[in-house]
Amino acid sequence: MVDETAGPNRWDADDYDENHSFVAEYGTDALELLEPTAENRVLDLGCGTGHLTARIAEVGATAVGVDSAPEMIERAREAHPNLRFVAADARTMSFDDPFDAVFSNAALHWISDEEQGATLRAVRDALRPGGRFVAELGGTGNVERIVEATLAELESRGYDAESPWYFPSVGEYAGRLEDHGFEVRFARLFDRPTELEAGEDGLRNWLEMFGDSLFSSVSTDERAAVIEGVEDRLEASLYDRDEETWTADYRRLRFRAVRL
Ligand code: BEZ
């Protein structure tokens, strides 16, 4: 997970693997758009604990994972000792040998609007001319209900918070890619309601895993109450009482672009 600017999100690699495995599972759909081959050198940007890096390597490609979170890189190295993982910042990363493809799943939305330009420059520099950039991130409207309920709950308690995530539209991101020397071959925004793991604790776990920076000014004692307040606000729309599952209102932006 690349977390450059969103504040001190500390990643718990165990929790990530145990309770949020859907992140990598859904990422395999995006891999179909990458179509890696055995001849490819592929950079997995925001590789987290390395599940998708390993999937890329399975076809025989040379896969390198990069993530800004040392905890994730450590876990990825333990789980896949035969692969190369690098702790680096997406905005400043640089590599000696060019890649045929850069892949990224569920990571780019952690990079702020202001930092996207530096990231796209670094991705471009990492690719050979003709190399492809294939990614999936949260698109416009992603987790909107969760964000709105959380901000409303925080505001009702006197806290001033804002969303730490960047969820662009197709037009916005395609324009950005073109401005940074890419030709966009495919781009699509789609709804993907996502069932969270751990039953009735699903939303709480999700907020605890990903929402650190939203709660940075809330005391540890009050956090639980805030999260309960968010659950109350969202129960009618996102919780299925019969199945005892939470479904997050994910919307994905998926694209394939080629370096000119
Ligand atoms: C996402 O994958 O869409 C996402 C994950 C964590 C926080 C926000 C969005």
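Start at 1 with the first residue, then count along the sequence. Both counts, for ligands and for their atoms, begin at 1 and track the order of listing. Heavy atoms only: backbone and side chains are in, while hydrogens, waters and symmetry mates are out.
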Side chain proximity check, Glu231 to Trp246, heavy atoms < 4.5 angstrom: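 When only atoms from C-beta onward are counted, Trp246 and Glu231 do touch, with a gap below 4.5 Å.
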Do the side chains of Leu137 and Phe255 get nearer than 4.5 Å, heavy atoms only? yes
Would Arg176 and Asp113 pass as an ion pair if we require N to O under 4.0 Å? yes
So does Arg128 pair up with Asp100, basic N to acidic O under 4.0 Å?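 Salt bridge: yes.
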Ring centers of Tyr159, Phe215 separated by less than 6.0 Å: no
Is there a salt bridge (charged side-chain N to carboxylate O under 4.0 Å, His left out) between Glu74 and Arg77? Walk through the geometry before answering. CA-CA 5 Å; Glu74 196 182 325; Arg77 285 179 181 149; over 6 Å; no
Note down each nitrogen or oxygen pair, ligand 1 side and protein side, whose separation is under 3.5 Å; give only atom names and the distance to 0.1 Å.
| residue | atom | partner | partner atom | Å |
| --- | --- | --- | --- | --- |
| ligand 1 | 2 (O) | Arg252 | NH2 | 3.0 |
| ligand 1 | 3 (O) | Asn142 | ND2 | 2.7 |
| ligand 1 | 3 (O) | Arg252 | NH1 | 2.6 |
| ligand 1 | 3 (O) | Arg252 | NH2 | 3.4 |

